[in-house]
Amino acid sequence: MFRTALRTLRSHRLRFAMPALAVVLGVAFVTGSLLYGDSVQAAVNRAHSNSQPDASVSITAADSPTADTAEAPALDDTLLRRLRALPSAGAARGVVEGRSFLVGSDGTLVGDLYQAAGVNYVPDDGGKDVRYPLTAGHGPRGATEIAVDRRTAERAGYRVGARVRVVVNGTARDARLVGVFTAHDSRVDSGGTLTAFDTATAQRHFAPTPNGYSAITLTAADGTSDAQLAEQAQKLLPSGLRAVTRADLESGAASEEDSDKLTTLLLSFAGVALFVSTFLVANTFTMLSAARAREHALLRAVGATRNHVMRMVLAEAALVGTAASAIGYGLGIGAANLLGSLFDASGAGSATVRAWSTKPLIAAFAVGIGVTVLAAYVPARRAAAVPPVAALRTVQPSSAASLRRRNTIGLIVTACGALLVAAAVGEPDLLFGAVPLLLVGLIVLTPLLALGITGLLRSPLTRLAGIRGKLAVENARRNPRRTAATATTLMVGLAMVTAVTVVVTSVNRFDEQEVDSSMTSDLRITAVDFGEIGEGTAARVRRLADAEAVTPVIHTYLDIPHTTSLDVTAVDPAAVERAASLSVREGSLDRLGHGIAVTEELATAHGWRLGSRVSGTFTDASAHTPGTRTSLPVVAIYDGPDDLSPALVSDRALPRPTGAEDRPTISSVLVKAAPGRTAALRQEIRRTLDNPALLVQDHADARADATARTAPFLNIMYAMLSVTVLIGVLGVVNTMGMAVFERVREIGLLRAIGLDRAGVGSVLRLESVTISLFGSALGVVAGTAIGAAAVLGQEVLPLVIPWDRAALFFVASAAIGVLASLWPGRQAARLPMLEAIGADTE
């Protein structure tokens with residue numbers, strides 16, 4: 001049986017090439033995802049294990065503070081000295097960490113900003129820090145000195161002695177690079193940076209309380225276990241703090257990593273690609289079974305049983321799957337490295353991809369062989385059902401009855417999927433079940449749709465291309481199952497692409513609307529992602545000659561007794577009206593320094609009027625100390641953008657911060673420029689601040705920045721889904737190539753009655769374009785419906801249909817059809833006419 005299968009593969013190797021390639025792509029996607037996920041997890045585990053070699057026990061805040069403890073007690077020098085005095089503690093270290101950005105030699109920020117951190121350098125008697133071993137220079141010894149990790153120094157292009165700029169607490173400042181160290185830290189391994197300051201400077205920048213620490217770590221003395229040290233340290237700790245061993249910290253950190261989520265996401269895309277591959281494989285074996293009907297009948301005539309024929313076809317599929325799995329695994333290694341470059345989650349190649357790994361290897365062959373055999377099962381059963389007497393005739397097409405059953409099932413499933421998609425507008429979670437159901441229903445219903453749509457195209461194509469157009473349409477209609485299977489490979493990929501495009505386009509429109517409504521000033525200063533605006537930023541801009549009005553915007557809360565918290569925006573009372581172009585209905589903002597202004601809607605809801613007093617306590621989402629109770633009179637009722645609603649207070653009314661974590665978060669700085677000086681002022685602000693972590697934008701810049709945020713996500717989605725679309729292209733090429741082999745006699749007869757070689761190629765080209773456009777039409781319509789349901793399920797998002805992208809998809813589909821027909825058309829045109837006329841139907 002296997003010898004027969006091998007001979008079949010050798011004789012039909014070109015026909016098996018396309019389905020094998022589709023399986024190769026799917027297996028490579030699966031293997032690459034698993035290898036990449038394993039490499040990232042291994043790198044993260046190594047980083048967590050090596051990041052704090054001196055930490056046996058860490059002192060952190062308790063997960064659930066007690067009722068009488070509103071906040072964790074301070075980690076200060078007093079507690080540090082008490083812990084250091086423990087006989088079981090060989091050493092104790094106060095840790096201070098926070099956000100710190102490094103500016104590279106090219107003036108841009110270095111590394112992943114989310115993972116950019118500032119730490120304190122704690123030297124021993126010899127001036128070295130065991131946690132950050134130096135490779136060059138010395139540790140920082142003052143406020144103007146820093147050290148950075150080796151990878152960051154290489155990426156930034158700095159050497160010891162260089163003058164550098166760092167951004168801390170939203171303010172850029174100069175420093176001298178005095179040391180470079182090695183850091184086994186998960187943040188560095190994730191593409192981030194580590195900037196080390198001396199402890200006093202780090203405390204000023206990052207400490208939650210004056211002269212406090214973010215954490216305290218203990219090193220166990222010789223002969224003391226981590227658990228024993230933790231138990232003894234816990235006895236010294238006040239309520240609200242706990243001692244955690246190194247092993248517990250590492251296990252908790254490992255469980256919080258996102259590598260599993262990323263691997264699952266990648267595998268979901270690989271699953272879609274493999275799902276589409278099954279149609280290509282099934283279509284190939286179906287066409288081969290029809291073409292080899294006489295061969296199978298002869299096998300039956302000489303004594304082969306049905307099971308023997310079916311096992312032979314499945315053996316062919318298993319061999320194709322095995323070869324595809326082996327090749328796919330090899331390509332998967334390259335795909336894993338490509339994924340590392342695409343997501344940059346491993347930090348400059350820190351996550352090494354292992355070429356051989358048990359789980360990905362087993363998954364590759366299980367998926368590759370399983371998908372191929374499963375897709376070939378139905379064609380194998382049909383091949384086994386060929387009776388011996390069929391040796392003298394070809395197999396007839398599927399009966400109308402079977403199509404009627406399929407159409408009935410397809411209509412029911414599609415209707416259920418459409419209803420679920422419509423219901424998902426109110427319940428977005430339903431989309432997870434509605435989308436697969438709708439696509440499966442369309443797949444089952446595609447033969448009926450193929451007959452209907454191609455029937456509508458008969459007249460237009462006949463008028464445009466004459467008899468060649470009619471022949472192309474009739475060829476597509478001849479076997480609706482085959483046309484449906486070919487179109488399905490394109491439909492699924494384009495449906496996903498269109499759905500993502502609809503969602504992203506709608507999000508972009510929402511962001512643009514947000515900018516239009518909130519950008520009421522000439523210029524706006526905001527921080528980059530994960531950055532912040534320094535306290536003195538507004539004051540520095542205010543001193544510029546072309547700046548007429550400048551106000552910071554600080555979002556906070558006013559907790560009012562017996563009601564919910566009130567969103568409050570703190571601003572500069574003297575500048576906000578001009579800087580933000582507010583419309584005051586009653587009262588005046590001149591007295592905002594001693595009161596509160598509210599929108600008309602808020603005043604109506606609470607029954608407030610001018611002079612009404614609003615009492616409460618200021619709090620902030622990042623605050624760690626209780627706010628100060630205040631009572632403010634309503635001094636104005638105004639209309640303003642959402643960013644400055646529903647209430648305004650003076651920034652001087654906020655409580656003064658007691659530590660780094662209690663500093664108010666400035667969301668933006670609004671600037672009113674002198675008439676005609678907006679562009680000049682923008683450049684002057686950039687020169688004055690000299691801070692790449694701050695964005696100085698006018699209205700056009702803000703709009704462009706808002707829409708640019710989704711571009712990387714959309715590009716990644718397109719890159720992931722491009723594999724599925726590529727498999728769809730292979731499906732069209734495969735179908736047209738197989739059609740040439742099936743229609744040898746037909747092509748010869750067409751040549752005999754006057755159709756030249758160019759005409760034969762034109763017929764195949766029109767047929768290929770018809771199938772491609774049919775598949776893309778189904779995909780675009782289904783994807784639009786899915787994307788629209790996802791958007792309408794979010795109340796704030798406007799629905800935007802990207803008609804330009806939809807048109808581009810159709811143009812691309814037509815191009816796919818033309819390209820897919822080139823090789824089959826060339827093969828058909830090269831067939832000798834007399835040999836083609838006398839050829840068998842195969």
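Bear in mind that the values here come from a model prediction, so they are computed numbers and not experimental data.
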Asker: What distance separates Ser100 OG from Leu194 CG, expressed to the nearest 0.5 Å?
Answerer: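 Going from the OG atom of Ser100 to the CG atom of Leu194 covers 9.5 Å.
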Asker: Taking 4.0 angstrom as the limit, do Arg187 and Asp112 come out as a salt bridge?
Answerer: no
Asker: Determine whether Arg173 and Arg165 make a side-chain contact, defined as any pair of heavy atoms from C-beta on separated by less than 4.5 Å.
Answerer: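 No; the side chains remain at least 4.5 Å from each other.
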Asker: Tell me which pairs pass ring pair (Phe, Tyr, Trp, His ring centres under 6.0 Å) where either residue lies in residues 530-554, with sequence neighbours left out.
Answerer: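 Matches after skipping sequence neighbours: Tyr114-Phe530.
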Asker: Let's go through Ser583 and Tyr638 carefully: what are the C-alpha distance in whole Å and the side-chain angles of both, what is the deciding distance for side-chain contact (heavy atoms from CB on, under 4.5 Å) to 0.1 Å, and is it a yes or a no?
Answerer: CA-CA 6 Å; Ser583 175; Tyr638 71 100; over 6 Å; no
Asker: Salt bridge check, Arg93 against Asp129: does any charged N sit closer than 4.0 Å to a carboxylate O?
Answerer: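 Looking at Arg93 together with Asp129, the answer is yes, because their closest N to O distance falls below 4.0 Å.
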Asker: For residues Arg159 and Leu177, report the shortest heavy-atom separation together with the two atoms involved.
Answerer: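 Here Arg159 and Leu177 meet closest at O-CD2, 3.5 Å.
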Asker: According to ring pair (Phe, Tyr, Trp, His ring centres under 6.0 Å), does anything in residues 673-716 pair up with another residue at least two apart or in another chain? List the pairs.
Answerer: none
Asker: Supply the atom-to-atom distance Asp701 CG to Leu695 CG, rounded to the nearest 0.5 angstrom.
Answerer: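 Rounded to the nearest 0.5 Å, the CG-CG separation comes to 9.0 Å.
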Asker: Ser612 and Arg609: side-chain hydrogen bond (donor to acceptor under 3.5 Å, both in side chains), yes or no, with the steps?
Answerer: CA-CA 5 Å; Ser612 298; Arg609 295 176 296 179; 5.0 Å; no
Asker: If you measure from CG on Leu558 to OG on Ser565, what distance do you get to the nearest 0.5 Å?
Answerer: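 Interatomic distance, Leu558 CG to Ser565 OG, rounded to 0.5 Å: 8.0 Å.
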Asker: Closer than 4.0 angstrom, basic N to acidic O: yes or no for Lys672 and Glu548?
Answerer: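 Looking at Glu548 together with Lys672, the answer is no, because their closest N to O distance does not fall below 4.0 Å.
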Asker: Just by distance, with hydrogens left out, do Thr108 and Asp106 show a side-chain donor and acceptor under 3.5 Å apart?
Answerer: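 Result is yes, a qualifying pair exists.
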Asker: Is there a side-chain contact (heavy atoms from CB on, under 4.5 Å) between Leu670 and Val553? Walk through the geometry before answering.
Answerer: CA-CA 7 Å; Leu670 305 182; Val553 176; 3.8 Å; yes
Asker: Between Thr201 and Asp198, do the side chains contain an N or O donor and an N or O acceptor separated by less than 3.5 Å?
Answerer: yes
Asker: Less than 4.5 Å apart, any side-chain heavy atom of Thr199 and any of Tyr121?
Answerer: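 No, every pair of side-chain atoms sits at 4.5 Å or beyond.
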Asker: Under the criterion side-chain hydrogen bond (donor to acceptor under 3.5 Å, both in side chains), I'd like the reasoning laid out for Asp559 against Thr617: C-alpha separation, chi angles, the key distance, then a yes or no.
Answerer: CA-CA 5 Å; Asp559 288 333; Thr617 302; over 6 Å; no
Asker: Check the surroundings of atom CD in Glu154: do more than 12 heavy atoms from other residues, nucleotides or ligands lie under 6.0 Å from it?
Answerer: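 Counting neighbours around CD of Glu154, more than 12 heavy atoms of other residues, nucleotides or ligands fall under 6.0 Å, so yes.
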Asker: After noting the C-alpha distance and the side-chain angles of Val164 and Val103, does the key distance pass the side-chain contact (heavy atoms from CB on, under 4.5 Å) rule?
Answerer: CA-CA 7 Å; Val164 302; Val103 182; over 6 Å; no
Asker: Calculate, to the nearest 0.5 Å, the distance between atoms CD1 and CG belonging to Ile216 and Leu80 respectively.
Answerer: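 Going from CD1 on Ile216 over to CG on Leu80, the span is 5.0 Å.
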Asker: Please determine whether salt bridge (charged side-chain N to carboxylate O under 4.0 Å, His left out) holds for the pair Asp572 and Arg542, giving the CA-CA distance in whole Å, both sets of side-chain angles, and the decisive distance to 0.1 Å.
Answerer: CA-CA 11 Å; Asp572 183 348; Arg542 197 177 287 121; 3.3 Å; yes
Asker: What are the two closest heavy atoms between Val550 and Ala575, and how far apart are they?
Answerer: O-CB, 3.3 Å
Asker: Quick one, Ile59 and Tyr213 - any side-chain contact, counting heavy atoms below 4.5 Å?
Answerer: no
Asker: Considering all heavy atoms of both residues, which atom of Pro573 and which atom of Asp651 are nearest to each other, and what is their separation?
Answerer: CD-OD1, 4.1 Å
Asker: Less than 4.0 angstrom from a charged side-chain N to a carboxylate O is my criterion; do Asp77 and Arg81 meet it?
Answerer: no
Asker: Find the distance between CD1 (Ile596) and CZ (Arg591) and round it off to the nearest 0.5 Å.
Answerer: 13.0 Å
Asker: So, does Ser105 use its side chain to make a donor-acceptor pair with the main chain of Ala156 at under 3.5 Å?
Answerer: yes
Asker: Do Asp511 and Arg703 meet the salt-bridge criterion of a basic N to acidic O distance under 4.0 Å?
Answerer: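 Salt bridge flag = no for Asp511 with Arg703.
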Asker: Just so I know, are the side chains of Gln697 and Thr526 near enough to count as touching, which here means a heavy-atom distance under 4.5 Å?
Answerer: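 When only atoms from C-beta onward are counted, Thr526 and Gln697 do touch, with a gap below 4.5 Å.
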Asker: Mind checking the CZ-CZ spacing from Arg204 to Phe197? Nearest 0.5 Å is all I need.
Answerer: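 Arg204 CZ to Phe197 CZ: 10.5 Å, rounded to 0.5 Å.
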Asker: Could you check Glu600 against Arg585 for salt bridge (charged side-chain N to carboxylate O under 4.0 Å, His left out), going step by step and ending with a plain yes or no?
Answerer: CA-CA 8 Å; Glu600 186 174 18; Arg585 292 180 173 272; 3.2 Å; yes
Asker: Has Tyr158 got a side-chain atom pairing as donor or acceptor with Gly104's backbone, closer than 3.5 angstrom?
Answerer: yes
Asker: State whether a side-chain donor-acceptor pair under 3.5 Å links Thr152 with Thr193.
Answerer: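 On atom types as modelled, these side chains do not qualify, holding no pair under 3.5 Å.
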Asker: Using a distance-only test with no angle check, is there a side-chain donor-acceptor pair under 3.5 angstrom linking Thr710 and Asn508?
Answerer: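 Result is yes, a qualifying pair exists.
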Asker: Using distance alone, with no hydrogens and no angle criterion, decide if Arg150 and Thr182 have a side-chain donor and acceptor under 3.5 Å apart.
Answerer: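 Distance-only check fails for Arg150 and Thr182.
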Asker: Output, in order, the C-alpha distance, side-chain angles, deciding distance and verdict of side-chain hydrogen bond (donor to acceptor under 3.5 Å, both in side chains) for Asn169 and Thr171.
Answerer: CA-CA 6 Å; Asn169 298 327; Thr171 302; over 6 Å; no
Asker: side-chain contact (heavy atoms from CB on, under 4.5 Å) with Val528: which of Val167, Leu113, Leu694?
Answerer: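 Testing Val528 for a side-chain contact (heavy atoms from CB on, under 4.5 Å) against Val167, Leu113, Leu694 leaves exactly one candidate, Leu113.
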Asker: Any side-chain heavy atom of Leu582 within less than 4.5 Å of one from Pro641?
Answerer: yes
Asker: Show your working on side-chain contact (heavy atoms from CB on, under 4.5 Å) between Phe181 and Arg131 and close with a plain yes or no.
Answerer: CA-CA 9 Å; Phe181 55 83; Arg131 189 169 295 185; over 6 Å; no
Asker: Taking atom CZ of Arg509 as the centre, report whether more than 12 heavy atoms of other residues, nucleotides or ligands fall under 6.0 Å from it.
Answerer: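 Check fails, neighbour count at 12 or below.
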Asker: Hey, does Asp522 have a side-chain heavy atom less than 4.5 Å from the side chain of Val671?
Answerer: no
Asker: Do Asp643 and His555 touch side chain to side chain, with heavy atoms closer than 4.5 Å?
Answerer: yes
Asker: Could you check if a side-chain atom of Thr551 sits within less than 4.5 angstrom of a side-chain atom of Val669, using non-hydrogen atoms only?
Answerer: no
Asker: Going by side-chain contact (heavy atoms from CB on, under 4.5 Å), Val649 matches just one of Ile554, Val635, Val614, Leu632. Which one?
Answerer: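 Passing option: Leu632.
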Asker: Tell me the closest heavy-atom pair linking Ala175 and Ile146, and the distance in Å.
Answerer: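 Shortest heavy-atom contact: CB-CG2, 3.9 Å.
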